[in-house]
Amino acid sequence: MSPTPPWNVQRLPGADGRFFLVTGGNAGIGYFVAEQLAATGATVVLGSRSPAKAEVATASIRARVPGARVRAVRLDLADLSSLETAVESMEVERLDAVVHNAGVALDDPPRRETRDGHELMFGTNHLGHFVLTQWLMPLLSAAPAARVVTMGSFAAKSERLDLDDLQSRKDYQPKRAYGRSKLAQMHFGVELDRRLRDAGSTVASVVVHPGGALDSLTPSRPPVHVRTTGARLSAAPAALLVQGKHAGAWPAVRAVLDPAVCGGQLWGPRVFGLRGEPRREPVWNHLADASVAARLWDASCDLTGVDLSAMSGQLRQARGGQQVVEQVAGGSRPGSNSRAPGVLGD
């Protein structure tokens, strides 16, 4: 039996017949995740708030990847009540992976809220993906070994959650609120895998981060992204420490495709966690705090109306070794006084 070849970001394994969803796949790192996954032969669905931007991104991917199977669905993570419809519009019977990449980053006050009344960055980056995961779980469970890949941020490494002020009502500082929203996402990704394992699920949850990823070091993909000569030259010294968004996509792409990647792991760039090819790194100490993750999980259920203890599905082992999902009917929809279906209990 020949040894497994080393991972090569330029020679990805084929994924014909598989279905992937990339939230925020119309721009930034998400665009490059989608482009690289499309090159494997998989069907890639871009989740985007803007149909026009999604159309531009799909056209760009098709121009660079001959025969690319790529399409888009309207996905607004800041509107929790819209997520069920977004998932239904995908019109797929299973989903082999979702990359939770979409996000909002605000640099300046004032504090803003989603239509559900949540602080915009926490509500979109964390709560939106939290609820989306519940609607996707039946599709993920229908795949043989699906993955939920959460795109965190290196900025979260220096942050800690304030569990008494998750919505940043007391002391709103935009950059700190962003870092904490990404940390919340990463806590969710780790805790999700714990609960999937406890439930006996074949779905795995992996957390990744892109390191330092700058637009000025990112190759042009007009009109999605255009890098000027001046920007390229001025950013040249920074390339010693950080990288472009095309390379920031590599950990997520590996987490989707590499069979050696396991649930509960953290992946990032090789060089100081800031640049280079993707590698597994130790889960950060504060990210491994299960008590914080459990409290965040409970708070997220309360804030979104997702009650996983009351509305959990039940996983059991069927004959032939296949996992089947028995969903419990009833309840209410997140964001509109309803409950989302899920397979994860407390």
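Quick caveat, the model's predicted, so the values are computed rather than measured.
- I29 and V99 fall within a single hydrophobic cluster, where Ile, Leu, Val, Met, Phe, Trp and Tyr side chains are chained together by heavy-atom contacts under 4.5 Å.
- Classified by interplanar angle (parallel below 30°, tilted 30° to 60°, perpendicular above 60°), the ring pair F188/W297 is tilted.
- To the nearest 0.5 angstrom, D76 atom CG is 12.0 Å from T85 atom OG1.
- Side chain of R69 to backbone of G41: a donor-acceptor contact under 3.5 angstrom is found.
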Walk me through it: do R94 and D96 pass the test salt bridge (Lys or Arg N to Asp or Glu O under 4.0 Å)? CA-CA 7 Å; R94 74 172 196 279; D96 294 279; 3.3 Å; yes
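- If you check the side chains of D193 and S205, you find no donor sitting under 3.5 Å from an acceptor.
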Do T133 and H100 pass the side chain to side chain donor-acceptor pair (under 3.5 Å) test, and can you show the C-alpha distance, the side-chain angles, and the key distance before you say yes or no? CA-CA 9 Å; T133 302; H100 288 333; 2.9 Å; yes
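- Note: S158 OG to L183 CG = 9.5 Å, rounded to the nearest 0.5 Å.
- For R64 and E35, the salt-bridge test passes: some basic side-chain N is under 4.0 Å from an acidic carboxylate O.
- Side-chain atoms of N101 come within 3.5 Å of backbone N or O of T23 as a donor-acceptor pair.
- Salt bridge status for R18 with D16: absent, with no side-chain N to carboxylate O gap under 4.0 Å.
- Side-chain atoms of Q173 and D171 include a donor-acceptor pair closer than 3.5 Å.
- In terms of modelled atom types and a separation under 3.5 Å, the side chain of T58 and the main chain of A54 share a donor-acceptor contact.
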Please determine whether side chain to side chain donor-acceptor pair (under 3.5 Å) holds for the pair S220 and H225, giving the CA-CA distance in whole Å, both sets of side-chain angles, and the decisive distance to 0.1 Å. CA-CA 5 Å; S220 289; H225 167 69; 5.1 Å; no
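- Rounded to the nearest 0.5 Å, atoms OG1 (T114) and CZ (R112) are 11.0 Å apart.
- The 12-atom threshold is exceeded at CD of E88, counting heavy atoms of other residues, nucleotides or ligands nearer than 6.0 Å.
- Atom CG of D302 is surrounded by more than 12 heavy atoms from other residues, nucleotides or ligands within 6.0 Å.
- By the 4.5 Å heavy-atom criterion applied to side chains, F130 and V306 are counted as neighbours.
- Nearest heavy atom pair, residue K245 against residue G28, reads CD-CA, 4.0 Å.
- Proximity of a side-chain donor or acceptor of R275 to a complementary backbone N or O of A239 within less than 3.5 Å is detected.
- In the model, T304 has no side-chain atom that pairs as donor or acceptor with a side-chain atom of H118 under 3.5 Å.
- In this structure, the ring pair (Phe, Tyr, Trp, His ring centres under 6.0 Å) partners of F122, at least two apart in sequence or on a different chain, are H126.
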With side chain to side chain contact (heavy atoms under 4.5 Å, CB included) as the test, would you mind laying out the steps for E55 and L46 before giving the verdict? CA-CA 9 Å; E55 184 177 350; L46 312 186; over 6 Å; no
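- Across S48, S89, P51, a single residue satisfies side-chain contact (heavy atoms from CB on, under 4.5 Å) together with V73, and that is S89.
- Shortest non-hydrogen contact noted between A177 and Y172 is CB-CE1, 4.0 Å.
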Going through the checks in order, is the salt bridge (Lys or Arg N to Asp or Glu O under 4.0 Å) test met by E113 and R169? CA-CA 11 Å; E113 294 187 346; R169 297 184 189 279; 3.5 Å; yes
Is there a side chain to side chain contact (heavy atoms under 4.5 Å, CB included) between R280 and L266? Walk through the geometry before answering. CA-CA 6 Å; R280 182 185 175 187; L266 173 65; over 6 Å; no
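- Contact of the R254 side chain with the V261 side chain is registered, since non-hydrogen atoms from C-beta on lie closer than 4.5 Å.
- For the residue pair G25 and A57, the shortest heavy atom distance occurs at O-CB, 4.3 Å.
- Distance check: C301 SG to L127 CG gives 10.0 Å after rounding to the nearest 0.5 Å.
- Considering CZ of R295 and CG of L166, their distance stands at 8.5 Å, rounded to 0.5 Å.
- By the criterion of side-chain heavy atoms lying less than 4.5 angstrom apart, applied directly or through intervening Ile, Leu, Val, Met, Phe, Trp or Tyr residues, V208 is not grouped with M186; the two fall into different hydrophobic clusters.
- Residues L95 and L21 come closest through the heavy atom pair CD1-N, 3.8 Å.
- Residues G128 and L83 share a closest heavy-atom pair of O-CD1, 3.5 Å.
- V148 and V256 fall into different hydrophobic clusters, where Ile, Leu, Val, Met, Phe, Trp and Tyr side chains are chained together by heavy-atom contacts under 4.5 Å.
- Clustering ILVMFWY residues whenever any of their side-chain heavy atoms sit less than 4.5 angstrom apart, transitively, puts W7 in the very cluster that holds F32.
- Remark: F154 engages H209 in a ring pair (Phe, Tyr, Trp, His ring centres under 6.0 Å) (not counting sequence neighbours).
- Other cluster members for L241: L214, L217, V242, joined by side-chain heavy-atom distances under 4.5 Å among Ile, Leu, Val, Met, Phe, Trp and Tyr.
- Counting heavy atoms from C-beta on, the side chains of V207 and W267 never come closer than 4.5 Å.
- In this structure, K53 and N26 approach most closely via the heavy-atom pair CB-ND2, 3.7 Å.
- For R115 and D79, the salt-bridge test passes: some basic side-chain N is under 4.0 Å from an acidic carboxylate O.
- Both V45 and L75 sit in one connected hydrophobic cluster of ILVMFWY residues. Membership requires side-chain heavy atoms under 4.5 Å apart, directly or through other members.
- Of the inter-residue distances, the one linking K175 atom NZ with R180 atom CZ reads 15.5 Å to the nearest 0.5 angstrom.
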Evaluate T150 against V206 for side chain to side chain contact (heavy atoms under 4.5 Å, CB included), listing each step before the verdict. CA-CA 6 Å; T150 296; V206 185; over 6 Å; no
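- Here the side chain of E119 pairs no donor or acceptor atom with the backbone of R111 at under 3.5 angstrom.
- Heavy-atom neighbours of E277 CD from other residues, nucleotides or ligands within 6.0 Å: above the threshold of 12.
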Assess whether side chain to side chain contact (heavy atoms under 4.5 Å, CB included) is satisfied between T218 and R227, documenting all intermediate values. CA-CA 7 Å; T218 302; R227 180 177 61 166; 5.7 Å; no
